[in-house]
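Have a look at the structure below, then the notes.
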Amino acid sequence: MALEAVSLDSDGLKAKAKRIRELIIKITTEAGSGHPSSSLSATEVVAALHFGGFLKLDPEAPRDADRDRFILSKGHAVPVLYAALCERGYFTEEQIMTLRKLNSPFEGHPNAAKLPGMEASTGSLGQGLSIGLGMALGMKADGKDNHVYVLMGDGEVDEGQVWEAMAAADKYNCGNLVAIIDVNGYQQTGATDAVLDMGPLAKKCEAFGWHTLEIQGNDMDEVMEALKAAKAETGRPTCIVSHTKKGAGIVPLMEKWGDTNMHGQPLPADKAKEALEYLAKA
Amino acid sequence: MASATDDRSVSTTRPMGDATRDAFGRALEALGAEFPDVVVVDGDVGNSTRTEWFAKKYPDRAYNVGIAEANMVGVAGGLASMGKTAVTASFACFLLNNAFDQIRMAVAYPKQNVKLVGTHAGISIGEDGASQMGIEDVGLACSLPGVAVIVTSDGQQTRAATKAMLEHDGPVYLRLGRPKAPVIYEEGAEFEIGKSIRLREGSDYTIVANGMMVAMALDAAEALAKEGVDCRVIDMHTVSPLDEQALTDAASETGGIVVAEEHLAQGGLGSRVAQFLSATVPTRMGFVNVGDRYGESGDPAGLLEKYGLTAEKIADAVRSLRG
């Protein structure tokens with residue numbers, strides 16, 4: 001295989017998103033811990049990046065110097081990345097089923113030193129954008145036309161380092177840097193606007209000099225349109241404020257179960273079965 | 001007492017030479033051509049850390065991200081993952097203490113080729129006072145798996161260590177001082193990460209020191225020689241990984257070890273040497289350091305005297321081993 005982007009049509013993308021959701025539920029239920037709801041909210045964005053013609057990657061040469069980079073700064077959502085890279089040919093389903101088990105490289109948060117495909121070691125929130133900025137600067141310095149995509153959570157942007165990086169990316173006009181904020185509305189102890197209201201996020205990003213887009217992030221067509229617009233903007237970094245639902249794909253079930261956050265809660269076997277049946281019918 | 005014209009920041013019989021931060025800055029600037037992958041990330045203190053000399057010569061290879069150490073270290077980690085040798089410098093306290101978790105996550109844990117350079121270390125920065133003094137930095141850096149930790153004693157050693165640091169594949173913390181440093185080494189003296197330097201032969205006791213304390217250790221050994229006490233002096237410039245063979249030899253061949261460093265009592269060279277020897281060749285030990293307290297404003301020589309970082313205190317520590 002060579003370094004290439006994979007471009008599926010709209011139906012193909014939606015099928016990938018569904019498959020990724022299935023894997024997220026399966027591997028976190030098998031692990032007995034992890035963050036399925038935080039992974040599910042970001043599924044369309046991660047699926048579009050990997051299968052919508054954006055990330056140039058080579059599963060046979062995962063450290064190829066000319067690849068694009070995707071940093072999952074909200075590292076607790078790593079099941080969505082393991083699932084996407086599984087579909088991309090990096091890993092088998094059997095391998096990612098070892099999530100969080102002793103001696104498995106599929107750790108609870110990305111470990112870049114251990115697992116090819118993980119571009120940064122994350123899990124301490126607020127740090128991925130700085131690392132992505134360093135990558136973007138390195139690409140510019142070497143005249144590479146690659147892009148860096150950094151996915152953050154809406155709780156994560158409480159961290160001050162995010163805004164240090166926003167300011168510096170503006171200074172260096174990093175048109176090759178795209179940040180996506182997965183605004184799923186919840187953080188660990190409750191709703192983001194109740195814990196620490198960081199809104200209005202889009203206005204803040206604009207004020208920091210970023211090309212800013214605001215979308216419904218569980219709508220694949222809107223996600224694709226935004227990522228294309230981000231790629232077309234070459235003079236400044238783009239931030240996509242992506243409004244999603246935590247647990248997207250199984251929200252009606254979560255409502256029935258009485259918890260629309262389910263932060264850090266894997267589904268027990270019976271609920272996982274119900275969720276997989278629900279997804280299959282959707 | 002030092003005369004008003006004597007630019008002597010530290011009480012020693014040795015001639016004064018370049019500040020280690022100056023030697024680093026000049027070496028980095030000079031090595032820029034030989035190491036084309038080197039880039040510098042600054043948190044707006046480049047004129048203090050001396051990375052500005054490199055930045056002026058190679059403006060396309062230098063980034064100033066403002067007063068934002070957390071982002072600075074993350075950016076350095078990202079640049080390193082693109083194949084750059086990323087040198088990022090600040091005051092030791094702002095780099096290690098402020099950006100410690102970024103060093104953990106973006107440098108140490110992913111094993112990125114980032115060179116962390118902390119200047120203005122120790123209490124010998126003088127008048128600026130405790131908030132600017134890095135005295136926990138060696139302990140913090142040594143707590144990170146896989147990070148080489150280097151404390152240089154003079155200009156020549158710093159020039160050699162700067163090159164060794166750039167050649168080393170992996171994370172490094174290089175600790176530097178602000179004031180002029182006493183000259184220890186001749187031009188061209190060799191330096192190898194992890195290999196200590198025996199500066200003085202001796203069979204009664206051993207003084208293990210680094211940084212500014214090396215000059216004082218040599219002075220202490222001279223004073224003790226006059227009393228008929230024969231001291232070995234080791235410059236343990238690399239605190240992690242320790243030169244275990246040199247320590248084993250010293251503990252086996254001499255009657256005790258005094259460790260001198262410009263750092264808190266806990267976590268630095270003394271702690272590490274004691275931990276190693278207690279499990280291998282237990283020996284009597286003494287410690288000369290800042291203690292368990294913060295510094296304060298004052299002139300550097302006065303501060304070193306007040307906090308007990310002198311040749312006389314090192315000699316006293318050796319004498320007390322004789323008990």
Side-chain angles (χ1 to χ4, degrees), chain A residues 63-71 73 75 107 109-116 118-144 146 148 150 152 159-174 176-177 208, chain B residues 32 36-44 55 58-88 90 94 98-116 144-147 169-171:
Chain A
R63 300 198 200 280
D64 189 303
D66 293 325
R67 70 193 187 275
D68 294 306
R69 312 284 176 125
F70 172 65
I71 294 175
S73 193
E107 299 204 42
H109 295 79
N111 180 343
K114 201 188 270 186
L115 186 64
M118 304 297 108
E119 300 291 6
S121 295
T122 56
S124 182
L125 293 172
Q127 301 195 26
L129 191 59
S130 298
I131 297 169
L133 171 58
M135 291 175 177
L137 291 170
M139 287 171 184
K140 275 167 73 95
D142 290 344
K144 291 180 189 291
N146 294 110
V148 185
V150 180
M152 297 182 281
E159 294 276 6
Q161 187 185 347
V162 170
W163 304 96
E164 295 180 4
M166 293 287 288
D170 172 45
K171 171 181 174 177
Y172 289 106
N173 303 312
C174 286
N176 55 353
L177 179 63
F208 273 78
Chain B
D37 290 332
V38 168
V39 295
V40 162
V41 189
D42 175 27
D44 204 39
Y58 301 103
D60 295 341
R61 293 160 60 184
Y63 305 93
N64 181 352
V65 298
I67 309 164
E69 292 80 13
N71 184 49
M72 177 185 82
V73 170
V75 166
L79 282 159
S81 79
M82 295 303 297
K84 303 297 180 188
T85 302
V87 176
T88 188
S90 185
F94 305 136
N98 192 347
F100 185 71
D101 189 42
Q102 287 72 26
I103 294 172
R104 178 179 74 109
M105 292 300 299
V107 180
Y109 178 41
K111 303 182 173 77
Q112 292 292 3
N113 197 24
V114 173
K115 313 308 175 185
L116 306 153
L144 296 161
V147 177
D169 183 21

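We name chains A, B, ... by the order of the sequence lines, and we start the count at 1 in each one.
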Gap separating the [atom1] atom of [X] from the [atom2] atom of [Y], nearest 0.5 angstrom:
| X | Y | atom1 | atom2 | value |
| --- | --- | --- | --- | --- |
| L79(B) | M139(A) | CG | CE | 11.0 Å |
| E164(A) | M72(B) | CD | CE | 10.0 Å |
| K114(A) | Y109(B) | NZ | OH | 7.0 Å |

Please examine the side chains of [Y] and [X], heavy atoms only from C-beta on, and report whether any two atoms are closer than 4.5 Å.
| X | Y | answer |
| --- | --- | --- |
| W163(A) | N71(B) | no |
| S81(B) | M135(A) | yes |
| M82(B) | L137(A) | no |

request  = Check the pair I131(A) / M105(B) against side-chain contact (heavy atoms from CB on, under 4.5 Å), numbers first and verdict last.
outcome  = CA-CA 10 Å; I131(A) 297 169; M105(B) 292 300 299; 5.9 Å; no
Nearest heavy atoms of Y63(B) and Y172(A), plus distance in Å =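 Taking Y63(B) first and Y172(A) second, the nearest heavy atoms are CA-OH, 3.3 Å.
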task = List the atom of K171(A), the atom of N64(B), and the distance in Å for their closest heavy-atom pair.
result = NZ-O, 2.6 Å
query = Do other residues, nucleotides or ligands put more than 12 heavy atoms under 6.0 Å from the NZ atom of K144(A)?
reply = yes
remark   = Pair count under 4.5 Å, heavy atoms only, with chain A: among E69(B), Q102(B), K84(B), R61(B), highest is Q102(B)
note = Whatever's closer than 4.5 Å to a heavy atom in chain A on R104(B) counts as side chain
ask   = If you count heavy-atom pairs under 4.5 Å with chain B, which of G138(A), S121(A), A113(A) comes out on top?
value =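 Top count of heavy-atom pairs under 4.5 Å with chain B: S121(A).
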Counting only heavy atoms closer than 4.5 Å, note whether [X] contacts chain B via side chain, backbone, both or neither.
| X | result |
| --- | --- |
| A165(A) | both |
| M118(A) | neither |
| R69(A) | side chain |

query = Any luck finding a side-chain donor-acceptor pair between D101(B) and Q127(A) under 3.5 Å?
reply = yes
